[in-house]
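This structure is a prediction, so every number in the text was calculated from the model and none was measured.
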Amino acid sequence: MPQSVISALASGQQSGARELLNLPAADKALSAEELTPLFNKALYNEIESLADANPENAINKIDEEAFKKLTDALNWEKNDDLFNGKKTRGSVTMNKAKVGSWVSSNYSKIPEIHGLLKQAIVGANAAVVKSQKAAAKKSERNQQIEDMVKNDEFLSAEESARQYKMLGPAQKKQALMSSYGYLKRMHFALNQTQSTNSAEPTNTEFVGSIMIGRTQVGKVVEDVREVLNDEVTEIFQSLKILSDSLNQFFAGGLENDSLANASVSNANNISSKEILQTDK
């Protein structure tokens with residue numbers, strides 16, 4: 001957190017402390033609509049480049065009409081399925097498998113271009129992402145923040161945490177909104193090595209594992225099916241004995257108590273089965 005903001009808050013200032021930084025307004029991220037022309041240009045260049053690098057006709061240079069049909073069908077601006085459902089453009093990568101499926105489906109009659117066309121689409125999106133990262137680095141606001149870092153105007157993480165604990169609720173909000181991570185729009189990240197580290201700062205302790213994935217789900221389904229099959233089989237067996245016992249009991253003039261007891265026992269066994277229970 002910035003020393004100037006923390007000092008102001010520590011002296012009793014309740015609001016407006018982060019304005020001491022006097023940073024330019026954050027640049028507005030371009031919308032998907034605004035980024036589409038950049039993507040289309042990058043895609044055209046990617047296809048041209050791949051065509052030059054592959055003269056064996058794996059992919060041909062594309063004319064304007066064919067290129068428009070490609071971009072219209074691809075619908076980069078709105079086709080969230082190619083981005084794992086994410087709507088953001090200019091900062092996220094495409095799902096290569098889904099792009100490959102899209103290419104195979106839309107160009108099924110010319111399979112020889114599938115690989116390179118997929119490469120061109122994914123590469124064009126990567127070019128847009130790279131251009132937006134470069135633009136962000138060049139912004140006046142980000143440059144001023146980086147100058148603050150070079151001039152040691154930010155407290156260390158440890159000192160920031162210590163100072164933060166001594167602030168009131170409103171002051172804590174001011175402090176967080178002036179932090180380096182907030183100003184730079186950074187995202188929290190914790191990789192496997194960090195999250196399983198038993199030493200500082202995570203101090204993790206192994207308590208067990210949860211197996212996930214299609215294979216594990218399939219195993220659970222198989223186990224449940226076996227349990228259900230066993231229970232259903234036992235229910236039908238008890239039902240048969242119940243039916244036979246009742247028929248014989250009534251046929252014998254209601255005199256054989258053992259048949260009645262067998263009927264009651266099997267009826268109770270059926271009613272106690274968990275798969276027949278409801279929460280009503």
Side-chain angles (χ1 to χ4, degrees), residues 23-51 53-54 59 62 66-108 113-146 149 157 176-197 202 210 212-214 217:
L23 292 172
D27 295 332
K28 181 183 177 182
L30 295 179
S31 66
E33 182 178 3
E34 293 170 321
L35 288 172
T36 297
L38 298 180
F39 171 79
N40 289 347
K41 181 178 180 181
L43 180 57
Y44 190 91
N45 291 337
E46 287 282 335
I47 293 175
E48 289 283 289
S49 177
L50 289 172
N54 297 272
I59 187 170
I62 192 167
F67 183 73
K68 188 176 187 309
K69 287 182 179 179
L70 166 61
T71 54
D72 286 348
L74 183 62
N75 197 13
W76 178 84
E77 179 183 327
K78 297 180 179 179
N79 193 348
D80 295 332
D81 184 54
L82 301 178
F83 294 85
N84 293 319
K86 297 178 181 178
K87 298 182 180 300
T88 308
R89 299 292 185 271
S91 63
V92 294
T93 57
M94 302 183 85
N95 184 311
K96 294 182 179 179
K98 290 185 177 180
V99 172
S101 297
W102 182 91
V103 171
S104 299
S105 175
N106 285 268
Y107 291 87
S108 58
I113 74 167
H114 288 181
L116 292 177
L117 185 54
K118 169 188 171 182
Q119 181 182 338
I121 294 171
V122 172
N125 182 75
V128 174
V129 172
K130 184 178 180 180
S131 72
Q132 296 312 293
K133 287 183 178 179
K137 287 182 179 179
K138 292 180 181 179
S139 75
E140 182 181 352
R141 176 187 176 89
N142 280 346
Q143 188 58 57
Q144 189 170 326
I145 294 172
E146 292 307 314
V149 174
L176 289 175
M177 292 179 67
S178 68
S179 66
Y180 181 78
Y182 182 88
L183 296 175
K184 293 279 289 184
R185 298 177 179 175
M186 300 176 73
H187 298 279
F188 177 82
L190 190 67
N191 61 35
Q192 182 175 352
T193 300
Q194 294 168 328
S195 63
T196 57
N197 178 27
T202 47
I210 299 177
I212 62 175
R214 182 178 298 177
V217 172

Lys/Arg-Asp/Glu bridge criterion (N-O < 4.0 Å) met for K184, E146: yes

Nearest atoms (heavy-atom pairs only) where [X] meets [Y]:
X    : Y    : value
A120 : I47  : CB-CG1, 3.9 Å
L43  : L70  : CD2-CD2, 4.0 Å
L30  : L35  : CD1-CD2, 3.7 Å
A73  : N106 : CB-OD1, 4.4 Å

**Asked** Quick one: does N191's side chain have a donor or acceptor within less than 3.5 Å of a partner on Q194's backbone?
**Response** yes

Exercise for review: State whether the side chain of T202 and the backbone N or O of N197 hold a donor-acceptor pair below 3.5 Å, judged by distance alone.
Suggested key: yes

*Parallel, tilted or perpendicular for F83 and W76, by the 30°/60° rule?*
perpendicular

Here the salt bridge (charged side-chain N to carboxylate O under 4.0 Å, His left out) pairs for residues 116-130, sequence neighbours left out, are none

Exactly one of L116, L82, T71, V99 clears side chain to side chain contact (heavy atoms under 4.5 Å, CB included) with I121, and that residue is V99

(message) Within the supplied structure, the quantity of interest is the number of heavy atoms (other residues, nucleotides, ligands) at a distance under 6.0 Å from I212 CD1; does it exceed 12?
(response) no

Q. For E33 and E77, what are the C-alpha separation, side-chain angles and deciding distance, and is it a side chain to side chain contact (heavy atoms under 4.5 Å, CB included)?
A. CA-CA 6 Å; E33 182 178 3; E77 179 183 327; 3.7 Å; yes

Residues at least two apart in sequence or cross-chain that pass salt bridge (charged side-chain N to carboxylate O under 4.0 Å, His left out) with K98, listed by chain then number, are D81

Residues at least two apart in sequence or cross-chain that pass ring pair (Phe, Tyr, Trp, His ring centres under 6.0 Å) with Y107, listed by chain then number, are none

